[in-house]
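Labels below follow one simple rule: chain letters A, B, ... track the order of the sequence lines, proteins then strands, and each chain is numbered from 1. Side-chain atoms are counted along with the backbone in the values below, which use heavy atoms only and exclude waters and symmetry mates.
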There are 2 protein chains.
Amino acid sequence: MVTAGGQAQNQDSRDEILKAAIRLFATRGFHETSMSEVAREAKVSKALIFWHFKTKEDLFLAVLNKLLEPYVIDFAEESEKLDAREQIRKLIGGYVNFVRENASSVSFFLRRFMSGEEMPEAFTEQIRRLYDLYKALLTDRIRLGQEKGLCARSNQPEVLADFVMAALNGLLINLLFMSQAPFDLDSALAMLYRLLFGDVPGAAPQAEPAAH
Amino acid sequence: MVTAGGQAQNQDSRDEILKAAIRLFATRGFHETSMSEVAREAKVSKALIFWHFKTKEDLFLAVLNKLLEPYVIDFAEESEKLDAREQIRKLIGGYVNFVRENASSVSFFLRRFMSGEEMPEAFTEQIRRLYDLYKALLTDRIRLGQEKGLCARSNQPEVLADFVMAALNGLLINLLFMSQAPFDLDSALAMLYRLLFGDVPGAAPQAEPAAH
DNA sequence: GTTGCCATTGACCGACGGGTTAGGGATGGG
DNA sequence: CCCATCCCTAACCCGTCGGTCAATGGCAAC
C-alpha cells in the first residue's frame with residue numbers, strides 16, 4: 001500500500017516544484033532558468049526535481065500543462081437568447097477578461113510564441129485551435145449580425161473579425177506589457193463597437209449622450 | 001602609421017563578427033547564443049571576438065547599435081502642403097512600411113521588450129522616445145484634422161491615437177509573427193481610415209461644428 | 001635584419017549547466 | 001525484526017559557458 005502521508009508529501013513537494021518552476025519559467029524563460037534555481041526556489045534538492053520529472057523538458061511540459069488548465073471557452077450556451085450585437089459584445093468582453101485574468105500565463109505563451117522558441121507541437125496546436133475557434137465564433141456572430149442588419153456591412157465578416165482580433169491583441173499587449181502609460185481601454189472598446197455596429201446608438205446603454 | 005591593409009582587415013573581421021552576431025542574436029536571442037557559435041558563424045576564433053569586443057555584453061551593445069541605425073523618422077518636412085487627412089495617412093503608411101522594412105530588427109526589439117530581458121536603458125529609452133514621438137505626431141495631426149472637420153470627432157485625439165497605435169501594433173504583430181494565415185492588411189487599414197475619417201469616402205467634411 | 005605593433009589563434013581556466021548515483025531516513029507489511 | 005518501497009539529499013560527473021593568455025604570422029618603419 002502507498003502511505004497516505006508519503007503520497008501527500010510526494011504531491012506536496014511536486015506541487016511546490018511546479019509552482020516554483022512556473023514562477024521562474026514565466027519570469028525568466030526556459031533557457032535562463034536553471035534547475036538549481038528551481039530547486040532553491042522550491043526549497044528542495046535538485047535531485048528531487050529529477051526524481052519527479054525525468055528531465056528539464058519534462059518539467060517544462062508539466063508547467064505548460066498547468067498553465068493551460070484554465071484555457072477553456074465557455075460562451076455561447078446560455079447566450080442563445082441574446083441578439084447578435086450582445087453576443088458579439090459578450091465575446092469581446094470575454095476575450096478581454098480572459099486575457100486579463102490569465103495575464104501572466106498569456107504573456108508567457110505569447111513570449112514563447114513570438115520568440116519562436118519551439119514548444120511541443122501539441123501546445124501551440126491547442127492554443128492555435130482555441131484562437132481559431134474564437135475567431136470563427138466571432139466571424140459567425142458578425143455574419144449573423146450583418147444578416148439581421150444589426151452590424152456594419154462595411155466589410156466581409158472574416159475581414160472584420162480579423163481586424164477586431166488584431167485590434168484587441170494590440171490593445172491587450174498594450175495592457176499586458178506597457179504597464180506604464182496606461183490608456184483608456186473602455187474608450188478603445190467603444191470605438192471597436194462603433195466600428196462594428198455603426199454610429200447608431202442602438203442597444204448600447206453607454207455614455208456619449210450625443211442625442212441631447 | 002596605421003597600415004591600410006591591417007585596418008581593412010580589422011574592420012573586415014569586426015564586421016563579419018557583427019553580422020554573425022546579429023543573425024544569431026536575432027534568431028536565437030542573447031542567452032541562447034554562445035560566443036563559440038558566433039565565432040563559428042563568423043569563421044573566426046572565439047578569442048578574436050574578445051579582442052574586438054571586451055565582453056559578450058559589449059558585442060550585444062554593438063549589435064543593438066547596428067540595429068538601431070535605420071531607426072529615424074523623416075516625415076513631416078515635405079508634407080506641409082498636404083491636408084491633415086493625407087498627413088495622417090502618410091504617418092500610418094510610414095509606420096507600416098517601417099515595420100515591414102525593418103521586420104527582423106523590429107521583432108528582435110519587440111521580443112526583448114516583451115520578455116522583460118533588460119537592455120541598457122539607453123536603448124529602450126531611444127526606442128520609447130521614437131515611439132512616443134510618433135504617437136505625439138499622430139495625436140497632433142488627428143487634433144488638427146478634427147479642428148478642420150476632416151477627422152471623426154468621436155473621441156479625443158489622444159484616445160483615437162492610442163487606439164490607432166494599438167490596432168496598428170496588433171496588425172503588424174500579426175504580419176510579423178503569424179506568417180501563416182495571412183490577412184488583408186489593406187482592408188484593415190481602410191477600416192482604420194474609416195474610423196478616423198468617417199464613412200465618407202471623399203473629402204467632404206461631415207459633421208460640422210456649426211451644424212447646431 | 002630586426003624591431004615593434006597589430007590581428008589572430010589554440011589551448012586553457014574556473015564556473016555553472018543538466019543530469020546521475022549511492023545512500024539515508026521514514027513507513028508499513030510480513 | 002527485517003525487508004521493501006518511497007521521498008529525499010549530498011556529492012559527484014561531464015559538457016559547455018564566458019573569458020584569458022602566451023604565442024605567432026604579417027607587415028610597416030628604421
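- Closest-nucleotide positions on DNA chain D for B:Thr33 and A:Ala47 were compared, and the one nearer the 5' end corresponds to A:Ala47.
- Between D:dT16 and B:Ser36, no contact under 4.0 Å exists linking OP1 or OP2 to a side-chain N or O.
- For A:Lys46 against C:dG19, a side-chain N or O and a base N or O form a donor-acceptor pair under 3.5 Å.
- When rounded to the nearest whole Å, the span between NZ of A:Lys43 and C1' of D:dC7 equals 19 Å.
- When distances run from any side-chain atom of A:Met35 to the nucleotides D:dT9, D:dT20, C:dG18, the shortest one goes to C:dG18.
- Residues B:Pro120 and B:Leu64 meet the side-chain proximity criterion, which asks for heavy atoms closer than 4.5 Å.
- Counting to the nearest Å, the C1' atom of C:dG19 and the CG atom of A:Leu59 are 13 Å from each other.
- Comparing atom distances between the B:Phe50 side chain and each of D:dC8, D:dG19, C:dG10 picks out D:dG19 as nearest.
- The separation between B:Leu48 atom CG and D:dG19 atom C1' is 14 Å, rounded to whole Å.
- The distance between atom NE2 of A:His31 and atom P of D:dT16, rounded to the nearest whole Å, is 15 Å.
- Straight-line distance from the CD atom of A:Glu16 to the P atom of D:dC7: 16 Å, rounded to whole Å.
- Between the CD1 atom of A:Ile17 and the C1' atom of D:dT9 there is a distance of 12 Å, given to the nearest Å.
- Annotation: cation-pi pair A:Arg112/A:Phe30 absent, no NZ/CZ under 6.0 Å from the ring centroid and within 45° of its normal.
- A donor and an acceptor atom never sit less than 3.5 Å apart when one is taken from the side chain of A:Lys56 and the other from the base of C:dG19.
- Side-chain contact between B:Met35 and B:Lys56: present, with at least one pair of heavy atoms (C-beta onward) separated by less than 4.5 Å.
- Rounding to whole angstrom units, CH2 of residue A:Trp51 and P of D:dT5 are separated by 14 Å.
- Not one side-chain nitrogen or oxygen of B:Ser34 sits closer than 4.0 Å to the OP1 or OP2 atom of D:dT16.
- Neither OP1 nor OP2 of C:dA7 sits under 4.0 Å from any side-chain N or O of B:Ser13.
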Would you please test A:Arg89 and A:Glu86 for salt bridge (Lys or Arg N to Asp or Glu O under 4.0 Å) and show each step?
CA-CA 5 Å; A:Arg89 261 192 237 274; A:Glu86 278 314 311; 3.3 Å; yes

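- Residue contacts shown for B:Ser45 include a base, since a base heavy atom lies under 4.0 Å away.
- Distance from the side chain of B:His52 is smallest to C:dT8 among D:dC8, C:dT8, C:dT21.
- What separates CG of B:Asp58 from C1' of D:dG18 is a distance of 13 Å, to the nearest Å.
- Residues B:Phe113 and A:Phe177 place their aromatic rings such that the two centres sit no closer than 6.0 Å.
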